[in-house]
Amino acid sequence: MQLYYATHDGQARRIAERIAGRLAERGIPASPQDLAAKLPAAEKLAAARLVTIVSAVRYGRHLPAGRQFLSIYQTLRAPPPLVLLSVCLAARKPGRDTAADNPYLRKAIARHRLAPALALAVAGRLDYPRYSWLDRQMIRFIMMLTRGPTDPRTSIEYTAWNVVDDVALRIAELLERSEPLRS
Ligand SMILES: Cc1cc2nc3c(=O)[nH]c(=O)nc-3n(C[C@H](O)[C@H](O)[C@H](O)COP(=O)(O)O)c2cc1C
């Protein structure tokens with residue numbers, strides 16, 4: 001199983017690490033790879049039994065490394081099953097976590113013509129003190145519009161770790177059904 005992440009502030013990495021930890025408990029090795037450090041070659045992806053990407057969203061889009069990854073995946077003639085996880089704040093609200101109701105997932109799937117085995121948006125972290133002044137003001141404005149916290153001292157982790165654990169379980173189930181000859 002190949003497991004990749006694209007992060008800016010670390011939450012997508014923590015989510016990928018949690019998935020790796022849960023899979024390890026089931027005897028499934030998967031070390032999270034940072035897409036900003038290295039993008040995988042198409043041949044490597046093609047040989048995977050299953051590919052998981054955890055990508056953070058910023059300003060309405062997945063991070064560039066996440067989008068580049070999906071562009072590579074898109075070129076594969078016989079792509080392995082894909083698990084696509086978007087990390088964003090929109091998903092902190094109920095009914096905003098599937099491809100049907102999450103705009104970032106929907107756009108990524110349409111743009112890269114994906115047919116993911118599993119696509120889910122996971123709530124990330126709001127951490128005003130960490131952001132630059134401009135980013136902080138922008139996010140506060142968005143939070144004001146979406147009735148979220150606007151106090152610039154706020155630091156909240158919205159990630160539902162039980163949902164992340166369920167994703168790991170689904171990955172393990174998908175792997176059981178996948179072609180055994182792939183890596
Ligand atoms: C500058 C900035 C822009 C963001 N834009 C969005 C956005 O458009 N939609 C959204 O739902 N969340 C947005 N977020 C929230 C992030 O997706 C969330 O903080 C996530 O946990 C970031 O993941 P990371 O820590 O892996 O970078 C934004 C956060 C920042 C700091």
Side-chain angles (χ1 to χ4, degrees), residues 2-23 30-40 51-71 73 82-112 114 116 118-168 171:
Q2 296 181 23
L3 173 59
Y4 299 93
Y5 66 88
T7 186
H8 189 282
D9 294 318
Q11 197 66 6
R13 185 187 64 244
R14 282 188 282 277
I15 290 169
E17 284 168 351
R18 172 78 165 221
I19 291 170
R22 287 287 177 257
L23 290 174
S31 63
Q33 311 285 316
D34 183 358
L35 289 170
K38 191 168 185 246
L39 286 167
V51 167
T52 298
I53 173 170
V54 185
S55 176
V57 168
R58 268 171 88 92
Y59 290 125
R61 301 202 293 176
H62 290 99
L63 289 179
R67 300 203 303 272
Q68 284 160 11
F69 173 91
L70 292 176
S71 296
Y73 177 87
L82 175 74
V83 172
L84 171 61
L85 296 185
S86 295
V87 182
C88 62
L89 283 176
R92 79 187 189 283
K93 298 208 163 185
R96 283 279 179 273
D97 60 350
T98 69
D101 50 38
N102 184 281
Y104 317 121
L105 278 179
R106 195 170 54 237
K107 274 192 278 177
I109 288 169
R111 172 168 309 200
H112 298 281
L114 306 172
L118 171 63
L120 197 70
V122 178
R125 189 181 180 96
L126 176 66
D127 198 355
Y128 287 128
R130 208 193 145 94
Y131 305 156
S132 69
W133 182 86
L134 185 62
D135 283 346
R136 186 159 49 242
Q137 303 315 321
M138 297 295 281
I139 304 301
R140 287 179 73 203
F141 181 64
I142 293 167
M143 283 296 137
M144 193 187 82
L145 297 179
T146 60
R147 298 208 179 85
T150 53
D151 182 334
R153 292 165 299 185
T154 308
S155 177
I156 303 180
E157 186 181 71
Y158 288 103
T159 308
W161 293 104
N162 61 324
V163 170
V164 178
D165 291 345
D166 280 351
V167 169
I171 291 172

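Source: prediction; values computed, not measured. Just follow the structure's listing: the first ligand is 1, and inside any ligand the first atom is 1.
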Counting only pairs under 3.5 Å, give me each side-chain donor-acceptor contact of residues 54-61, with atom names and distances, residues two or more places apart or in other chains.
unit_1: Arg58; atom_1: NH1; unit_2: His8; atom_2: ND1; d: 3.2
unit_1: Arg58; atom_1: NH2; unit_2: Asp135; atom_2: OD2; d: 3.0
unit_1: Tyr59; atom_1: OH; unit_2: Asp135; atom_2: OD1; d: 2.7

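Side-chain contact between Pro129 and Asp127: present, with at least one pair of heavy atoms (C-beta onward) separated by less than 4.5 Å. With a 4.5 Å cut-off on side-chain heavy atoms, Leu63 and Leu35 do not count as touching.
Residues Asp9 and Arg125 are not paired through a salt bridge, judged by the lack of any N-O separation under 4.0 Å between the basic side chain and the carboxylate.
If you run side chain to side chain contact (heavy atoms under 4.5 Å, CB included) between Val83 and each of Leu3, Ile53, Leu118, only Leu118 comes through.
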Starting from the C-alpha separation in whole Å, work towards a yes-or-no answer on side chain to side chain donor-acceptor pair (under 3.5 Å) for Thr146 and Arg92. CA-CA 11 Å; Thr146 60; Arg92 79 187 189 283; 3.1 Å; yes

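Contact residues for ligand 1 (protein heavy atom closer than 4.0 angstrom to any ligand atom): Thr7, His8, Asp9, Gly10, Gln11, Ala12, Ala56, Val57, Arg58, Tyr59, Gly60, Val87, Cys88, Leu89, Ala90, Tyr104, Gly124, Arg125, Tyr131, Asp135, Ile139.
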